[in-house]
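Here is the structure we will look at, set down as structure tokens.
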Number of protein chains: 2
Amino acid sequence: MDQDMSYEEYVEQVRKGILTSSGNCPVTPLLVMLQGKWKFQIIYELCVKGQIRFGELKKSLAGITNTMLTSSLRELERDGLVSRVQFNEIPPHVEYLLTKRGEALLPVFYAMTKWGFEYIP
Amino acid sequence: MDQDMSYEEYVEQVRKGILTSSGNCPVTPLLVMLQGKWKFQIIYELCVKGQIRFGELKKSLAGITNTMLTSSLRELERDGLVSRVQFNEIPPHVEYLLTKRGEALLPVFYAMTKWGFEYIP
DNA sequence: CAGAATCCTCTGCGATACTG
DNA sequence: CAGTATCGCAGAGGATTCTG
């Protein structure tokens with residue numbers, strides 16, 4: 001399997017059932033990483049804002065609690081999508097940003113957005 | 001906003017914060033539609049198999065229960081991603097397939113797959 | 001400011017049994 | 001065959017309080 005395969009090649013592979021959802025399909029791990037109510041929005045927000053403080057991030061995610069934001073960020077960090085930069089100041093100062101791996105999700109958002117513009121009223 | 005915008009235009013819009021995750025971003029509704037443990041796999045399976053019977057679909061989704069498959073399919077149908085074709089026979093015969101709207105998700109899968117091949121060991 | 005610690009609620013999901 | 005009808009539970013997620 002080639003990571004440079006074209007869309008047409010991809011579709012062909014899918015139709016042939018070479019890529020299965022359960023087996024060697026690389027989509028599943030990503031879906032697992034993005035599971036949870038807030039993960040996607042957090043990543044999206046980091047795409048928009050670049051580097052951002054915990055408090056600011058919380059403000060842009062209407063409704064999220066400290067607990068959920070913290071645990072989501074920890075998991076995203078563990079999965080290598082987000083990195084945490086800690087400034088040793090008082091009061092504390094922490095910033096979050098996407099890793100290369102996380103930023104590479106932008107084409108996924110792009111595909112979703114194009115779908116949305118076409119199929120959502 | 002233009003549905004024909006290029007990836008570069010899209011990234012620019014994102015950076016400018018024109019598309020927000022909470023507001024006019026068309027990604028959120030899609031994410032909602034795809035929420036749940038099995039939705040994505042179901043759609044993927046329908047991509048692979050084309051048109052498929054309930055029982056066959058269940059077999060290809062290892063571990064899913066009748067209840068979950070039914071309720072997931074109902075919701076996907078309600079959201080216009082899947083259509084149900086009922087043959088009036090005894091014993092019952094029902095087939096499921098993607099709508100145009102559902103098939104249009106393939107580019108999203110493609111983007112995810114490309115990400116996976118590059119960033120998953 | 002950026003969280004950790006608790007407690008609590010709700011629901012997504014599974015297991016099982018039944019039916020037209 | 002293609003589902004419904006119940007029941008039960010783990011765990012995701014919310015609310016609140018506390019702290020270095």
Side-chain angles (χ1 to χ4, degrees), chain A residues 21-22 28-46 49-79 81-98, chain B residues 21-22 28-46 49-79 81-98:
Chain A
S21 62
S22 40
T28 315
L30 176 57
L31 293 177
V32 172
M33 288 182 198
L34 298 180
Q35 227 148 50
K37 189 173 178 184
W38 300 100
K39 297 268 183 76
F40 239 114
Q41 284 186 59
I42 290 172
I43 293 182
Y44 196 88
E45 214 53 45
L46 292 178
K49 304 291 175 58
Q51 189 157 338
I52 187 175
R53 295 184 67 155
F54 183 88
E56 286 298 311
L57 186 53
K58 195 186 164 190
K59 265 192 251 174
S60 23
L61 297 164
I64 198 170
T65 58
N66 283 347
T67 324
M68 280 310 294
L69 182 50
T70 303
S71 73
S72 303
L73 284 170
R74 291 282 181 278
E75 292 178 26
L76 290 171
E77 205 190 343
R78 181 204 58 198
D79 293 334
L81 299 176
V82 161
S83 48
R84 201 184 96 111
V85 183
Q86 182 168 352
F87 301 80
N88 287 323
E89 304 172 358
I90 293 174
H93 178 175
V94 176
E95 298 197 354
Y96 291 91
L97 69 159
L98 292 178
Chain B
S21 61
S22 39
T28 315
L30 176 55
L31 293 178
V32 172
M33 289 181 198
L34 298 180
Q35 230 149 47
K37 188 173 177 184
W38 300 99
K39 298 268 183 75
F40 238 113
Q41 284 186 58
I42 289 172
I43 294 181
Y44 197 89
E45 214 55 42
L46 292 178
K49 305 289 175 60
Q51 189 159 336
I52 185 174
R53 296 184 67 153
F54 184 88
E56 285 299 309
L57 186 53
K58 194 185 164 192
K59 267 192 247 170
S60 25
L61 297 164
I64 197 169
T65 59
N66 282 347
T67 325
M68 281 311 296
L69 182 51
T70 302
S71 74
S72 303
L73 284 170
R74 292 281 181 278
E75 293 179 26
L76 290 171
E77 204 190 343
R78 181 203 60 199
D79 293 335
L81 299 178
V82 162
S83 47
R84 201 184 97 110
V85 183
Q86 184 170 351
F87 301 79
N88 287 320
E89 305 173 358
I90 293 173
H93 178 177
V94 176
E95 299 198 354
Y96 291 92
L97 69 159
L98 292 180

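In what follows, chains carry the letters A, B, and so on, assigned in the order in which the sequence lines appear, proteins first and then strands, with residues in each chain numbered from 1. Values below: all heavy atoms of this structure, side chains included; hydrogens, waters and symmetry mates excluded.
Between the CD atom of B:E56 and the C1' atom of D:dC1 there is a distance of 12 Å, given to the nearest Å. The nearest whole Å value for the distance from the CD atom in A:E75 to the C1' atom in D:dG11 is 12 Å. Atom C1' of nucleotide D:dG13 and atom CG of A:L73 are separated by 15 Å, given to the nearest angstrom. Rounded to whole Å, atom P of D:dA5 lies 17 Å from atom CE of B:M68. Whole-Å rounding puts the B:N88 CG to D:dA2 C1' distance at 13 Å. Protein atom CD of B:Q35 is 12 Å distant from nucleotide atom C1' of D:dG13, rounded to whole Å. Put simply, CD1 on B:I52 is 14 Å from C1' on D:dC1, counting in whole angstrom units. One interatomic measurement links the two molecules: CD1 of A:I64 to P of D:dG14, which rounds to 8 Å at whole-angstrom precision.
In this structure, B:P92 reaches the bases: a heavy-atom distance under 4.0 Å links it to at least one base atom across the strands shown. No engagement by A:F87 is indicated, since no non-hydrogen atom pair under 4.0 Å with the nucleic acid exists.
Between B:V94 and B:Q86, the shortest heavy-atom distance links the atoms CG2-CG, 4.3 Å. Across all non-hydrogen atoms, the minimal contact from A:A62 to A:W38 is O-CH2, 3.6 Å. Summarising the geometry of B:L76 relative to B:M33, their closest heavy-atom pair is CD2-O, 4.1 Å, with the distance given to 0.1 Å. Residues A:K58 and A:N66 come closest through the heavy atom pair NZ-OD1, 3.1 Å. The nearest pair of heavy atoms linking B:L97 to B:L46 is C-CD1, 4.3 Å. The two residues A:L34 and A:K39 make their nearest non-hydrogen contact at O-CB, 3.6 Å.
Put simply, chain A comes within 4.0 Å of DNA chain C, heavy atom to any atom, from C:dC1 to C:dA5, going 5' to 3'.
For B:Y96, a side-chain nitrogen or oxygen approaches OP1 or OP2 of D:dG3 to under 4.0 Å.
For the pair A:W38 and A:P91, nearest-nucleotide mapping onto DNA chain D gives the more 5' position to A:W38.
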Would you list the protein and nucleotides 15-18 of chain D atom pairs, both N or O, that sit under 3.5 Å from each other?
{"from": "D:dA15", "atom 1": "N6", "to": "A:T67", "atom 2": "OG1", "distance (Å)": "3.2"}

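Aromatic ring pairs are classed by plane angle as parallel below 30°, tilted from 30° to 60° and perpendicular above 60°; the pair A:F54 and A:Y96 is tilted.
At least one side-chain heavy atom of B:H93 sits less than 4.5 Å from a side-chain heavy atom of B:R53.
Scanning for side chain to side chain contact (heavy atoms under 4.5 Å, CB included) contacts around A:L31 gives A:V27, B:F40, B:M112, with sequence neighbours left out.
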